[in-house]
Amino acid sequence: MSTTNCLVTNDWICGEYLRTRGGELTEATLQHVGITAASVLLGLLVAFPLALLVRARPRLAAPVLGLTTLLYTVPSLAMFSLLLPFFGLSASLVVTGLVLYSLTILVRNILAGLEAVPAGTREAARGMGYGPGRLLWEVELPLALPSVMAGVRMATVSTIALTTVGSIVGRGGLGNLIEDALPTFFKAQVLAASVLCVLLAVAADLTLLGVQRLLTPWTRIRTARGAVA
């Protein structure tokens with residue numbers, strides 16, 4: 001079967017589709033990456049102060065963590081419908097929904113990382129004259145980074161998957177291509193967009209893992225010492 005007629009025969013694997021629709025794939029991929037990046041970054045900006053609030057006031061842990069978990073259980077179509085009166089059919093609608101979904105992962109991981117910092121380390125830093133702000137940014141947060149980055153990785157992969165649902169308002173990145181192809185069962189477009197979603201998730205996870213290793217060199221040293229021992 002020749003490559004030139006694979007669009008007519010509606011093959012799953014079609015080089016002609018990739019050649020003629022490359023611009024559409026690139027545009028959808030860039031939109032997907034942009035929505036994902038904005039959602040995860042905004043999620044971090046919201047989750048970090050929430051985690052600090054919960055740590056400072058433990059009695060708020062149950063309501064804050066319970067609320068973020070509740071938000072995560074809301075079906076995506078219902079979430080976007082509830083946000084629609086506030087944001088209309090815009091990218092802000094999708095980003096806001098994805099930020100809300102990311103909170104349960106990010107808040108829990110940031111909080112777990114901060115709570116895992118040894119009490120002796122905090123006391124030693126205070127004895128050296130570290131104030132609360134300096135203690136947080138120069139001691140606690142660096143030590144909490146492995147847990148924080150694990151949360152960011154999970155939130156990013158989850159957000160890449162959920163972004164496709166934004167196609168219901170035309171802001172779903174690669175999800176737009178999948179939705180457009182389903183009524184006519186355009187196999188090549190469904191497969192290409194789906195594979196790109198998977199590749200985006202894998203690439204994002206590996207990239208963030210590399211960033212984590214660069215930011216936490218002491219974990220590699222500890223692992224190497226353990227292997228030698």
Side-chain angles (χ1 to χ4, degrees), residues 33-74 95-163 201-229:
V33 171
I35 290 175
T36 298
S39 301
V40 174
L41 288 174
L42 288 173
L44 274 172
L45 290 177
V46 176
F48 189 67
L50 281 177
L52 294 180
L53 177 64
V54 169
R55 190 180 66 154
R57 301 178 182 274
R59 68 178 183 276
L60 296 178
V64 170
L65 297 179
L67 177 60
T68 58
T69 301
L70 177 64
L71 290 172
Y72 194 77
T73 63
V74 177
V95 170
T96 302
L98 296 176
V99 167
L100 295 177
Y101 281 129
S102 71
L103 291 181
T104 187
I105 299 172
L106 294 174
V107 172
R108 289 176 184 273
N109 278 72
I110 293 171
L111 187 61
L114 292 173
E115 290 181 342
V117 176
T121 301
R122 291 194 183 95
E123 290 303 318
R126 292 191 184 100
M128 296 172 62
Y130 281 63
R134 190 181 176 194
L135 176 64
L136 172 65
W137 291 104
E138 296 186 18
V139 178
E140 294 178 312
L141 192 56
L143 292 176
L145 269 179
S147 179
V148 174
M149 288 301 298
V152 172
R153 288 169 59 195
M154 287 189 290
T156 300
V157 172
S158 174
T159 301
I160 288 173
L162 288 170
T163 296
V202 173
D205 188 55
L206 292 177
T207 299
L208 290 171
L209 178 60
V211 171
Q212 177 181 333
R213 289 174 62 85
L214 287 174
L215 293 177
T216 57
W218 59 88
T219 59
R220 299 199 301 274
I221 296 173
R222 187 164 57 235
T223 302
R225 286 178 177 173
V228 171

Measuring from [X]:[atom1] to [Y]:[atom2], what's the distance to the nearest 0.5 Å?
| X | Y | atom1 | atom2 | answer |
| --- | --- | --- | --- | --- |
| Leu103 | Leu70 | CG | CG | 12.0 Å |
| Ile105 | Ile110 | CD1 | CD1 | 11.5 Å |
| Leu145 | Ser147 | CG | OG | 9.5 Å |
| Arg55 | Leu53 | CZ | CG | 11.5 Å |
| Thr36 | Leu98 | OG1 | CG | 7.0 Å |
| Leu100 | Leu67 | CG | CG | 9.0 Å |

Taking only Lys NZ, Arg NE, NH1 and NH2, and the carboxylate oxygens of Asp or Glu, determine whether Arg122 and Glu140 approach each other closer than 4.0 Å.
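Result for this pair is yes, salt bridge flagged.
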
Thr207 (side chain) donor-acceptor with Ala203 (main chain) under 3.5 angstrom:
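Here the side-chain-to-backbone pair exists.
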
Distance-only, no hydrogens or angles: does the Tyr101 side chain make a donor-acceptor pair with backbone N or O of Val74 under 3.5 Å?
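Between the backbone of Val74 and the side chain of Tyr101 there is a qualifying donor-acceptor contact (under 3.5 Å).
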
Side chain to side chain contact (heavy atoms under 4.5 Å, CB included) partners of Leu208, counting only residues at least two apart:
Met149, Val152, Arg153, Thr156

For [X] and [Y], which heavy atoms make the closest approach, and how far apart are they?
| X | Y | value |
| --- | --- | --- |
| Gly43 | Ser102 | CA-OG, 3.7 Å |
| Ala201 | Val157 | O-CG2, 4.0 Å |
| Ala125 | Leu135 | CB-CD1, 3.4 Å |
| Thr68 | Thr104 | O-CB, 3.5 Å |

Between Leu141 and Trp137, is the side-chain contact (heavy atoms from CB on, under 4.5 Å) condition met? List the steps.
CA-CA 5 Å; Leu141 192 56; Trp137 291 104; 3.4 Å; yes

Would you mind reporting whether [Y] and [X] have side-chain heavy atoms less than 4.5 Å apart?
| X | Y | answer |
| --- | --- | --- |
| Leu65 | Val107 | yes |
| Leu114 | Leu52 | yes |
| Met128 | Val139 | no |

For Val46 and Leu106, run side-chain contact (heavy atoms from CB on, under 4.5 Å): C-alpha distance rounded to whole Å, both residues' side-chain angles, the deciding distance at 0.1 Å, then the answer.
CA-CA 9 Å; Val46 176; Leu106 294 174; over 6 Å; no

Which residues pass the salt bridge (charged side-chain N to carboxylate O under 4.0 Å, His left out) test with Arg108, sequence neighbours left out?
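For Arg108, no residue satisfies salt bridge (charged side-chain N to carboxylate O under 4.0 Å, His left out) once neighbours in sequence are set aside.
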
Who pairs with Glu138 by salt bridge (charged side-chain N to carboxylate O under 4.0 Å, His left out), at least two apart in sequence or on another chain?
Arg134

Just checking Phe48: does its CZ atom have more than 12 heavy atoms from other residues, nucleotides or ligands closer to it than 6.0 angstrom?
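Atom CZ in Phe48 is crowded, with more than 12 foreign heavy atoms closer than 6.0 Å.
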
